[in-house]
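Take a look at the structure below.
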Amino acid sequence: MNIPQINNIKFFQTIQNNNTNTVKSYPQTNFGLKMQEPIKTDTLSFKATAKMLQSRSQGGVSLSVAKSISKAAEPMQKKAEAFLNDLLGDLVATELNPNNPIYKICGRVKTPKSIVEKSATRQYNSKSEVLDFMTDLNGTKIVMRDARKKTVEEILTRLINPIQKGEIELLEIENKRPNITKRLKGIDKEKYDYASSDFLEHLQRIQETKWESLNLKEPRRVHLDQNDLTEVNYSAIHFLLKLPGEPRPFELMLMGKDVNDIKELDDKLFKILNNKDIDKKYKPLVDIVKPLMEPGNKQYLEKFNQYRGDAFIFQREKDPNTFFTPENTPSYFLPLKYNLPPAYDLNNLNRIMLECEQTAKRKK
């Protein structure tokens, strides 16, 4: 089906009509950060990167090989999630205990289609290469209800004892910072961080001290990136952790619920705008977003990407001590900006995404 150019106003009206319904010394355990400054509006380019899938035939593994890889990753997924639930499960908020600081702990094995796409962009052309080098085959996530730095650091302090006992290894820490902080200095640069630089260095030293005590032949270092800028202004902490006896590490992400809410939507937008595979249940979402990729619509794509970046900051600047809400309760995002058509309001796109998921669930 040919979709008209997005600079045709009738196209916008049709979309809208069809989609209305509308070290310091840190404690070993114990139990905030309000961001008052206005949203910055740096323009974001979102140019193609190594993550952009240009072609479905640019190398990588086949779908059948990817399925075998995904299946091979399943046993470790259970172990990774069990480790986190044993460590932190008593801190997850429930209807009976809504004041607990963690909103949820979850995880996933990378899907075969995602493995195919990433192996193509990274030029991993065999099962062994994927298993050796694709570090996010197993992913876990801690979503914080209370995302204040003090609370996050108290949560992460629980990693110290398992590291010292050799029950887990910390291999890497990436402090994901919004791109708008790139010109800031000092304390201002850390304004959107979930944990202080000092605390992340403290975790790094705990692991390296453990390795030193083992008298290893080769000295080992935890890779720590304190300033991993994200174009979409995404805030999070990413860790690589390894369970003893396992051949590969698993990824752990930590972020606040408000940021997680918009990331659930933005992950779908990213796939559409980067030519990646997306579940067919999201076709109504694809039909709206995909025309932004047409050559004549570059100005609208730039505005939309800037709006996405502003929306992540809007979410991060919300009160980090979020009220407990049941799963699937819609979040309110930044209203539409930059004279984009109404259909591109992220609140509208989020509603469509949730409707797609509910429709698929009913059919299933």
Side-chain angles (χ1 to χ4, degrees), residues 1-22 44 46 48 51-53 56 106 108 110-114 116-118 230-234 257-312 314-315 327-364:
M1 177 176 69
N2 292 324
I3 300 177
Q5 290 283 327
I6 205 163
N7 49 16
N8 184 334
I9 193 64
K10 291 182 180 178
F11 168 66
F12 297 134
Q13 293 169 344
T14 302
I15 288 179
Q16 180 61 12
N17 292 337
N18 289 342
N19 293 289
T20 329
N21 291 331
T22 25
L44 304 175
F46 286 80
K51 293 183 178 180
M52 170 74 85
L53 186 63
R56 299 284 171 182
C106 54
R108 57 87 186 121
K110 201 169 189 69
T111 66
K113 288 183 177 180
S114 292
V116 169
E117 291 174 339
K118 187 166 185 177
T230 62
E231 285 192 331
V232 78
N233 289 334
Y234 162 58
K257 180 183 181 300
D258 293 315
V259 170
N260 183 70
D261 286 344
I262 196 166
K263 193 170 189 303
E264 295 284 347
L265 171 63
D266 199 77
D267 284 348
K268 314 300 185 299
L269 303 178
F270 175 83
K271 286 185 176 184
I272 297 168
L273 295 174
N274 287 270
N275 196 32
K276 291 178 176 286
D277 184 82
I278 185 168
D279 196 298
K280 61 183 179 182
K281 68 186 176 188
Y282 295 112
K283 185 179 183 302
L285 193 64
V286 175
D287 288 345
I288 294 176
V289 177
K290 192 72 172 177
L292 289 170
M293 299 296 290
E294 295 175 3
N297 300 325
K298 182 179 178 181
Q299 60 175 321
Y300 289 104
L301 177 60
E302 290 176 350
K303 290 178 180 179
F304 185 65
N305 283 333
Q306 188 172 353
Y307 174 37
R308 287 167 61 200
D310 289 349
F312 266 95
F314 180 80
Q315 291 299 103
E327 192 76 43
N328 298 323
T329 302
S331 182
Y332 180 72
F333 301 145
L334 181 69
L336 191 67
K337 297 180 67 177
Y338 305 115
N339 295 319
L340 286 160
Y344 290 94
D345 189 314
L346 291 172
N347 295 284
N348 178 58
L349 296 177
N350 191 54
R351 176 187 60 78
I352 293 170
M353 180 191 75
L354 294 175
E355 287 179 358
C356 291
E357 292 170 350
Q358 288 300 316
T359 299
K361 187 180 293 184
R362 285 195 298 270
K363 289 180 178 178
K364 187 175 180 179

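Atoms considered below: every heavy atom in the structure, side chains included; atoms not considered: hydrogens, waters and symmetry mates. None of these values were measured; they are calculated from a predicted model.
- Looking only at distances, no side-chain donor or acceptor of Asn297 sits under 3.5 Å from a matching main-chain atom of Leu292.
- Taken to the nearest 0.5 Å, the OH atom of Tyr332 stands 13.5 Å off from the CG atom of Asp258.
- The backbone N or O of Pro335 lies less than 3.5 Å from no partner atom in the side chain of Asp345, so there is not a single donor-acceptor pair.
- A distance of 11.0 Å separates CG of Asn347 from CD1 of Ile352, quoted to the nearest 0.5 Å.
- With sequence neighbours excluded, no residue forms a ring pair (Phe, Tyr, Trp, His ring centres under 6.0 Å) with Phe312.
- To the nearest 0.5 Å, atom NZ of residue Lys281 and atom CD of residue Gln358 are 10.0 Å apart.
- For Gln315 (side chain) and Ile262 (main-chain N/O), no donor-acceptor pair under 3.5 Å exists by modelled atom type.
- Of the inter-residue distances, the one linking Asn260 atom CG with Cys106 atom SG reads 6.5 Å to the nearest 0.5 angstrom.
- Remark: side-chain polar atoms of Tyr344 are paired, donor with acceptor, to backbone N or O of Ile288 under 3.5 angstrom.
- The residues Arg351 and Glu355 are annotated as salt-bridged, a charged nitrogen and a carboxylate oxygen being separated by less than 4.0 angstrom.
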For Lys337 and Asp310: C-alpha separation, side-chain torsions, deciding distance, then whether salt bridge (Lys or Arg N to Asp or Glu O under 4.0 Å) applies.
CA-CA 9 Å; Lys337 297 180 67 177; Asp310 289 349; 3.0 Å; yes

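- Listed by chain and residue number, nothing satisfies the side chain to side chain donor-acceptor pair (under 3.5 Å) test with Lys268 (two or more places apart in sequence, or in another chain).
- We find the OH-CE distance between Tyr282 and Met353 to be 6.0 Å, quoted to the nearest 0.5 Å.
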Between Lys361 and Cys356, does a side chain to side chain contact (heavy atoms under 4.5 Å, CB included) hold up when you go through it step by step?
CA-CA 9 Å; Lys361 187 180 293 184; Cys356 291; over 6 Å; no

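- Annotation: side chain to side chain donor-acceptor pair (under 3.5 Å) contacts of Lys303 (sequence neighbours excluded): none.
- Judged purely by atom type and a 3.5 angstrom limit, Asn348 uses its side chain to pair as donor or acceptor with the backbone of Ala343.
- Because its NZ or CZ atom is not both nearer than 6.0 Å to the ring centre of Phe270 and within 45° of the ring axis, Lys276 does not count as a cation-pi partner of that residue.
- The pair Asp261-Lys257 counts as a salt bridge, with a side-chain nitrogen and a carboxylate oxygen less than 4.0 angstrom apart.
- The shortest distance between side-chain heavy atoms of Leu273 and Asn305 falls below 4.5 Å.
- For Asp266, the salt bridge (charged side-chain N to carboxylate O under 4.0 Å, His left out) criterion is met by Arg308, not counting sequence neighbours.
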Stepwise, does the side chain to side chain contact (heavy atoms under 4.5 Å, CB included) test hold for Leu346 with Leu334?
CA-CA 7 Å; Leu346 291 172; Leu334 181 69; 5.7 Å; no

Between Lys271 and Glu117, is the side chain to side chain contact (heavy atoms under 4.5 Å, CB included) condition met? List the steps.
CA-CA 11 Å; Lys271 286 185 176 184; Glu117 291 174 339; 5.7 Å; no

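- The side chain to side chain donor-acceptor pair (under 3.5 Å) test applied to Asn350 returns no partner, not counting sequence neighbours.
- Note that CD of Glu264 is 9.5 Å distant from CG of Leu354, once rounded to the nearest 0.5 Å.
- Contact detail for Ile272 and Met293: the closest heavy-atom pair is O-CG, 4.4 Å.
- Here Asp279 pairs with nothing under the side chain to side chain donor-acceptor pair (under 3.5 Å) rule; sequence neighbours left out.
- Heavy-atom minimum distance, Phe333 versus Phe314: C-CE2, 3.7 Å.
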